[in-house]
Trainee: 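Structure incoming, see below.
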There are 2 protein chains.
Amino acid sequence: MSVSSEDLQGLSLDLYSASRLLIQSFQNLLNEIPLTYPQFLVMRVLWERDGLYVNQIGEKLHLDSGTLTPLLKKLEAHNFVKRIRSEKDERKVKIELTFPGKSLQKKTQDVLSQLEPIFETLDEKSISSLNTSLKDLLDHLNPKSK
Amino acid sequence: MSVSSEDLQGLSLDLYSASRLLIQSFQNLLNEIPLTYPQFLVMRVLWERDGLYVNQIGEKLHLDSGTLTPLLKKLEAHNFVKRIRSEKDERKVKIELTFPGKSLQKKTQDVLSQLEPIFETLDEKSISSLNTSLKDLLDHLNPKSK
DNA sequence: TAAAATTAAATTGTATCAAATCATAATTTC
DNA sequence: GAAATTATGATTTGATACAATTTAATTTTA
């Protein structure tokens with residue numbers, strides 16, 4: 001007994017809704033900071049490891065350059081990152097944090113910690129079970145896992 | 001012991017990635033049909049119940065008129081739906097399927113049934129557990145559940 | 001019942017996303 | 001080893017997503 005098309009359609013709709021609703025929760029808080037949710041994701045990657053190339057950021061977030069290029073230009077316009085075209089291979093663009101970009105980390109973490117109380121009433125088992133089965137699904141869908 | 005901000009950030013990133021990857025799987029199949037994923041969602045709602053108003057579709061999919069108005073105009077341009085302004089209340093626009101719009105249902109279902117084999121290797125328990133915890137999260141996030 | 005409040009959809013502006021395109025580099029083929 | 005092919009990285013393009021504003025119509029209320 002396998003999954004039906006109906007099951008998959010329902011699953012994808014719920015994932016889609018939940019993803020958008022959860023992003024909205026983040027976005028409401030992030031409004032205090034000049035970052036959108038995807039921009040925050042990119043900054044989070046860079047805070048962990050600075051000086052990545054565009055494609056490396058894309059791999060970590062499953063985003064392609066068509067999404068990242070305008071986003072990174074926006075982050076550059078805010079002076080949070082520098083875009084440096086590689087001299088060795090001019091196809092590549094390296095992304096480096098500026099001082100203001102680095103400074104944003106603490107403020108962002110403080111703001112986002114405000115989300116926690118909102119989720120206090122949500123069963124922790126439910127969260128960890130969601131996490132586990134999401135990882136399964138991601139492994140299954142991830143092109144790299146071939 | 002409650003959820004930490006890190007937990008929530010990881011959860012939201014996984015939801016976001018899984019949602020986009022699963023939508024891509026649908027989109028790849030839907031390419032055979034002149035529908036994008038959000039357009040398909042709207043058609044699915046209408047196949048289940050024809051003649052809904054714009055706001056009713058928006059409630060079912062958590063989408064607002066800024067998203068739906070252009071999308072519905074696109075579906076109308078493809079001659080899959082008719083947009084009919086209500087005579088009783090001229091603020092409302094009713095959406096009705098055309099014959100081509102109705103005919104699309106079977107073809108779409110046939111195409112999407114091709115997804116099932118791809119998920120055969122995925123544990124069904126994992127899917128149903130994902131479904132359950134997603135519903136929990138949706139209830140928690142859904143503004144209506146206040 | 002006229003003014004105020006509410007409601008529904010459309011419009012506007014900003015920001016994603018993914019597919020197609022473009023440009024450059026690496027590889028193959030002869 | 002030059003031309004053709006393939007691969008790779010980024011940019012452009014078309015279609016959402018959503019907040020904020022506007023327009024128009026209905027309902028409330030004083």
Side-chain angles (χ1 to χ4, degrees), chain A residues 13 15-31 33-43 52-59 61-78 83-95 141 143, chain B residues 12-13 16-32 34-43 52-59 61-78 81 83-95 143:
Chain A
L13 176 52
L15 268 175
Y16 179 65
S17 299
S19 169
R20 279 186 298 114
L21 288 173
L22 195 54
I23 286 171
Q24 274 178 28
S25 308
F26 276 85
Q27 195 66 68
N28 288 339
L29 287 179
L30 286 172
N31 280 339
I33 288 169
L35 288 179
T36 64
Y37 180 71
Q39 286 167 9
F40 156 68
L41 290 181
V42 169
M43 292 301 285
L52 293 173
Y53 292 107
V54 175
N55 65 327
Q56 293 177 307
I57 298 174
E59 272 172 31
L61 300 176
H62 306 290
L63 292 173
D64 71 14
S65 57
T67 301
L68 289 174
T69 294
L71 188 157
L72 289 167
K73 283 181 176 175
K74 186 76 43 157
L75 288 179
E76 186 177 43
H78 280 301
R83 299 169 67 250
I84 303 159
R85 196 166 284 275
S86 164
E87 289 188 15
K88 271 222 220 71
D89 184 343
E90 293 198 357
R91 295 173 303 181
K92 295 184 176 180
V93 173
K94 183 154 69 172
I95 308 298
L141 294 173
Chain B
S12 78
L13 176 53
Y16 178 65
S17 299
S19 169
R20 278 185 300 108
L21 287 174
L22 195 53
I23 287 171
Q24 273 178 31
S25 308
F26 277 86
Q27 193 66 67
N28 288 339
L29 289 179
L30 286 173
N31 280 340
E32 301 179 30
L35 290 178
T36 65
Y37 181 71
Q39 286 168 9
F40 157 69
L41 290 182
V42 170
M43 292 300 286
L52 292 173
Y53 293 106
V54 175
N55 65 328
Q56 293 176 307
I57 298 174
E59 272 172 31
L61 300 177
H62 306 290
L63 292 172
D64 72 10
S65 64
T67 301
L68 288 175
T69 295
L71 189 156
L72 289 167
K73 285 182 175 173
K74 186 79 42 154
L75 288 179
E76 187 177 42
H78 280 299
V81 305
R83 299 169 66 252
I84 302 159
R85 197 164 285 276
S86 164
E87 289 189 15
K88 273 223 218 74
D89 185 343
E90 292 199 359
R91 294 171 305 181
K92 294 183 176 179
V93 172
K94 185 156 67 173
I95 309 297

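A note on names: the letters A, B, ... follow the listed sequences, proteins ahead of strands, and every chain is numbered from 1.
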Trainee: What's B:Leu63 touching, base or sugar-phosphate or nothing? Going by heavy atoms closer than 4.0 Å.
Mentor: sugar-phosphate
Trainee: What integer distance in Å separates A:Ile23:CD1 from C:dA15:C1'?
Mentor: 12 Å
Trainee: Any side-chain heavy atom of A:Asn55 sitting closer than 4.5 Å to one from A:Leu68?
Mentor: no
Trainee: B:Asn28 has an atom CG; how far is it from atom P of C:dA18, in whole Å?
Mentor: 11 Å
Trainee: Measure from CE on B:Met43 to P on D:dT16 and round the result to the nearest Å.
Mentor: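 Rounded to whole Å, this separation is 13 Å.
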Trainee: OP1 or OP2 of C:dA19 less than 4.0 angstrom from a side-chain nitrogen or oxygen of B:Gln27, does that happen here?
Mentor: no
Trainee: Using atom NE2 of B:His62 as one end and atom P of D:dA19 as the other, report the distance to the nearest whole Å.
Mentor: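 For the pair B:His62 NE2 and D:dA19 P, the rounded distance is 13 Å.
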Trainee: What integer distance in Å separates B:Ile95:CD1 from C:dA9:C1'?
Mentor: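 Taking atom C1' of C:dA9 as the reference, CD1 of B:Ile95 is at 10 Å.
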Trainee: Once you round to the nearest 0.5 Å, how far does CZ of A:Arg83 lie from CG of A:Leu75?
Mentor: 10.5 Å
Trainee: Would you compute the distance between atom CD of A:Gln27 and atom CG of A:Leu35 and round it to the nearest 0.5 angstrom?
Mentor: 9.0 Å
Trainee: Between atom CD in B:Glu76 and atom P in C:dA9, what is the gap in whole Å?
Mentor: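 One finds 14 Å between P of C:dA9 and CD of B:Glu76, rounded.
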Trainee: It should be established whether A:Asn55 places a side-chain nitrogen or oxygen under 4.0 Å from OP1 or OP2 of nucleotide D:dT8.
Mentor: no
Trainee: Side chains of B:Ser12 and A:Tyr37: donor-acceptor distance under 3.5 Å anywhere?
Mentor: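 There is such a pair between these side chains.
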Trainee: Please determine whether a side-chain nitrogen or oxygen atom of B:Asn31 lies at a distance below 4.0 Å from atom OP1 or OP2 of C:dA18.
Mentor: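 No.
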Trainee: Enter the distance from A:Lys74:NZ to A:Leu71:CG here, rounded to the nearest 0.5 Å.
Mentor: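 Separation between the atoms: 9.0 Å.
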Trainee: Are B:Arg20 and C:dA18 close enough that a side-chain N or O sits under 4.0 Å from OP1 or OP2?
Mentor: yes
Trainee: Has the side chain of A:Asp64 got a donor or acceptor atom that lies under 3.5 Å from a matching backbone atom of A:Thr67?
Mentor: yes
Trainee: Nearest heavy atom decides the nucleotide; on that basis, is B:Leu71 or A:Lys92 closer to the 5' end of DNA chain D?
Mentor: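 Nearer the 5' end of the strand: A:Lys92.
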Trainee: Whole angstrom is fine here: how far is it from NZ in A:Lys94 over to P in D:dA10?
Mentor: 13 Å
Trainee: Under 4.0 Å: is that the gap between some side-chain N or O of A:Arg83 and OP1 or OP2 of D:dG9?
Mentor: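 So the side-chain polar atoms of A:Arg83 never come under 4.0 Å of the phosphate oxygens OP1 or OP2 of D:dG9.
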Trainee: Could you give the distance from CG (B:Leu21) to CG (A:Leu15), rounded to the nearest 0.5 Å?
Mentor: 10.0 Å
Trainee: Extract from the structure each pairing of a protein N or O with an N or O of nucleotides 12-15 of chain D at less than 3.5 Å, listing the distance.
Mentor:
residue : atom : partner : partner atom : Å
D:dA15  : OP2  : B:Lys74 : NZ           : 3.4

Trainee: Say you draw a straight line from CD1 of A:Ile23 to OG of A:Ser19; how long is it, rounded to the nearest 0.5 Å?
Mentor: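 Reported to 0.5 Å precision, the distance equals 4.0 Å.
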Trainee: Please check the phosphate of C:dA9 (OP1 and OP2 only) for any side-chain N or O of B:Arg85 closer than 4.0 Å.
Mentor: no
Trainee: Produce the list of close N/O pairs, under 3.5 Å, pairing protein atoms with atoms of nucleotides 24-26 of chain D; give distances to one decimal.
Mentor:
residue : atom : partner : partner atom : Å
D:dA25  : N3   : B:Arg91 : NH1          : 3.4
D:dT26  : OP1  : B:Lys88 : O            : 2.8

Trainee: Between A:Tyr37 and C:dA15, does any side-chain N or O lie under 4.0 Å from OP1 or OP2?
Mentor: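 Indeed not, no polar side-chain atom of A:Tyr37 lies that close.
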Trainee: Which atom names give the shortest non-hydrogen contact between A:Ser17 and B:His62, and what distance separates them?
Mentor: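 In terms of heavy atoms, the two residues are closest at OG-CD2, 3.5 Å.
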Trainee: Which of the following nucleotides, C:dA10, D:dA10, D:dT16, is nearest to the side chain of A:Val93?
Mentor: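 Comparing C:dA10, D:dA10, D:dT16 against the side chain of A:Val93, the answer is D:dA10.
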Trainee: Measure CD/A:Gln24 against C1'/D:dA17 and give the value in whole Å, please.
Mentor: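 It is 9 Å, rounded to the nearest whole Å.
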Trainee: With rounding to the nearest 0.5 Å, note down the distance linking CD in A:Gln39 to CG in A:Leu72.
Mentor: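 These two atoms lie 9.0 Å from each other.
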